[in-house]
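Encoded as structure tokens, the structure appears first; notes follow it.
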Amino acid sequence: MRLVESRATLTITYLVLGIGLFTALFPIALLVLNSLKSAQEIVTNPLALPAAIRWDNFARAWKDARFSTSFVNSATLTGLTILLVCTTGSASAYVLARKKIKSWKLVTFYLLATTTAPIQLFLFPLYFGFAKLGLINNVFAVSLVYTAIYSPFAIMLLRTYFLAVPREIEEAALIDGASSWQIFTRVMLPIVSPGIVTVALIIGLYSWNEFLIATTFLQKKDSLTAVVSFFLLSGQYSSDWGEIMAAALIIVLPIVILFVFLQRRFIEGMAGGSVKG
Amino acid sequence: MWLYLAPTLVINVVIILIPALLTIGLAFFQWDGLSAPVFVGLGNFVSLWNDSVFWTALENNLIWTAIFLTIPIAMGLLAASMLLIVPRRGSTIFQVVYFLPVIIATAITARVWQGMIYSPVTGIFGWLGKLGLPLTNPLSQTSTALFGIATVDLWHWWGFLCVIFFAALRQVPQEQIEAARIEGASFWQMMRYVLLPGIRSTIVLMMVMTVIWSFLVFDFVYILTQGGPAFSSEVLSTLAYRKAFYDLNVGQAAATALVISLFGLVATYFYIRIQQREGV
């Protein structure tokens, strides 16, 4: 589709889009550039290329932010959350998409309502309750919190995938004598598996990046997530911005690589879930 | 079939519904999180009403809402409509880059802006200062702190809106665009009379979501200024957090949380009404 023929309009278009490109990339470029420089060089000129590439920034960041522990915590938390959201969410989405219970409207409304609830509405009693039960600094407990918060979004997204499956497929399986559980696990789940992958990616991104709950519920040195240990490193433990940017890059890089390869799934997932949800 | 729903519902009720109900109850008590709660009736709400920081926070939330209802939506719409003009491959590259900030953790985005852009020592502002431009760190001034934070969130956020609007624009029926073109509409006339009305429901939806999100904003304020200097960038969510975990005044924190929820509820009500009216 060509909407515009005029050369002037086309030039302005590329100019504006180019400014957008620069704006989006400039802070990221500073992050990458300065992660390779010494603290002194950054003070002299944050825009200059590094005189010598300081790979040791990464080694120090890894040690000071205790990434060997916090990366494991983040990975565990993210993995557990993905597992919980995908298993509980796909079962719920199936029931709600096929209206298999009478009160599906009420359940859908309840789940929708919890997506707009502010975290502060349930954070304080939850924190003190968890504290009483000894669940603070417990990664598994936090993954349950993430599951509660993210699964309504996942259910709304998965629902659209279940809705797209023709009813005849289910009916055929029913005639062949499959139980409801068999229909769900052997017939429906394989068909909607692309949707589950998308949900896993989005929920993984959210859990990996999450800050408020992680910083509240995981406070002991050994239970911090990567993002929270980065936050503490950059707040108190280091004023070496080369090291801080190296730490930032270590957390961001895996996500960005995944995103560049699977960008369509990320974008469609995040957009789809929030527009239709 | 309820068994399929049970895990979701049990987790959701235990983590969200029950604590939310407890929060409503706690709003009427004075509690430090340790000793026995003391019933104070509407006392917490009265002290909020008399607390100037509460009013500053509320005002900041409203300013935040006004900023995010206009700037990122306009930026997103502008960029999305321009993406329609460029070839398909080009538009994909632009989209991916615009979306990149969205996937970077808030804690990291905040620190990059703080250290590499705003800082008078290590950032671009300091470097420009050496060139003779008198720039101060916006986060350290009471008059600019909130806008300094909003700028960071704008950078982080607008690409998401652009991508959503672009997806909606591409779903406007081709026949309408063809018809307008045959009648000789210019690009801007096409935007004004065909494309923008075609994505009206998406725009309205994003505006309502913006209002809801504006009252939830926490990470950037907490990391960049902690609500300072002198509470000038405080918002309701950071105020509630401070009251609960720093002042150990859980009752007032719960009352503040209820005020946030109230705004969310009003926005959700309009969201549902708009959906019904537009028949989305």
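Numbers restart at 1 for each chain; the letters A, B, ... are given by sequence-line order, proteins then strands.
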For chain A, which of [options] has the most heavy-atom pairs under 4.5 Å?
{"options": "B:V250, B:L83, B:L17, B:L22", "value": "B:L17"}
{"options": "B:A257, B:A267, B:A168", "value": "B:A257"}
{"options": "B:L236, B:V121, B:L265", "value": "B:V121"}

Taking all heavy atoms of B:P87 and all of A:Y14, pick out the closest pair and write down the distance.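 Answer, listing the atom of B:P87 first, then A:Y14: CD-OH, 3.2 Å.
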Can you name the closest pair of heavy atoms from A:T44 and B:K130 and give their distance? O-NZ, 3.1 Å
For the atom pair [atom1] ([X]) and [atom2] ([Y]), what is the distance rounded to the nearest 0.5 Å?
{"X": "B:L3", "Y": "A:W181", "atom1": "CG", "atom2": "CH2", "value": "9.5 Å"}
{"X": "A:L31", "Y": "B:W113", "atom1": "CG", "atom2": "CH2", "value": "13.0 Å"}
{"X": "A:L84", "Y": "B:I11", "atom1": "CG", "atom2": "CD1", "value": "5.5 Å"}
{"X": "A:F231", "Y": "B:D219", "atom1": "CZ", "atom2": "CG", "value": "9.5 Å"}
{"X": "A:S35", "Y": "B:M116", "atom1": "OG", "atom2": "CE", "value": "10.0 Å"}
{"X": "A:L17", "Y": "B:Q95", "atom1": "CG", "atom2": "CD", "value": "11.0 Å"}

Side-chain heavy-atom pair [X], [Y] within 4.5 angstrom cut-off:
{"X": "B:I117", "Y": "A:P27", "answer": "yes"}
{"X": "B:W155", "Y": "A:F26", "answer": "no"}
{"X": "A:I267", "Y": "B:Y98", "answer": "no"}
{"X": "B:W2", "Y": "A:S103", "answer": "yes"}
{"X": "A:P46", "Y": "B:T122", "answer": "no"}
{"X": "A:T216", "Y": "B:Y241", "answer": "yes"}
{"X": "B:L5", "Y": "A:Y94", "answer": "no"}
{"X": "B:T106", "Y": "A:N209", "answer": "no"}

Quick check on [X] against chain B: is it the side chain, the backbone, both or neither that has a heavy atom closer than 4.5 Å?
{"X": "A:S151", "result": "side chain"}
{"X": "A:I42", "result": "both"}
{"X": "A:V95", "result": "side chain"}
{"X": "A:Y110", "result": "side chain"}
{"X": "A:I155", "result": "side chain"}
{"X": "A:Y146", "result": "neither"}
{"X": "A:V228", "result": "neither"}
{"X": "A:N45", "result": "both"}

Classify the ring geometry of A:F259 against B:F99: parallel below 30°, tilted from 30° to 60°, perpendicular beyond 60°.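 Judged by the thresholds at 30° and 60°, the geometry between A:F259 and B:F99 is parallel.
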Side chain / backbone / both / neither for [X] at chain A, heavy atoms under 4.5 Å:
{"X": "B:L21", "answer": "neither"}
{"X": "B:I108", "answer": "both"}
{"X": "B:T268", "answer": "side chain"}

With a 6.0 Å cut-off on ring centres, are B:F245 and A:Y127 close enough? yes
Spell out, as yes or no, whether a donor-acceptor pair under 3.5 Å connects the side chain of B:N12 to the backbone of A:L111. no
Closer than 3.5 angstrom, by distance alone: can the side chain of B:T8 be matched with the main-chain N or O of A:T88 as a donor-acceptor pair? yes
Polar contact flag, side-chain donor to acceptor under 3.5 angstrom, A:S180-B:Y4: yes
Does the side chain of A:T215 come under 3.5 Å of the side chain of B:Y222 through a donor N or O and an acceptor N or O?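 The answer is no; no qualifying pair exists.
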Residues of residues 116-125 of chain A under 4.5 Å from chain B (heavy atom pairs)? A:T116, A:P118, A:Q120, A:L121, A:F122, A:L123, A:F124, A:P125
More than 12 heavy atoms of other residues, nucleotides or ligands under 6.0 Å from CZ of B:F270: yes or no? no
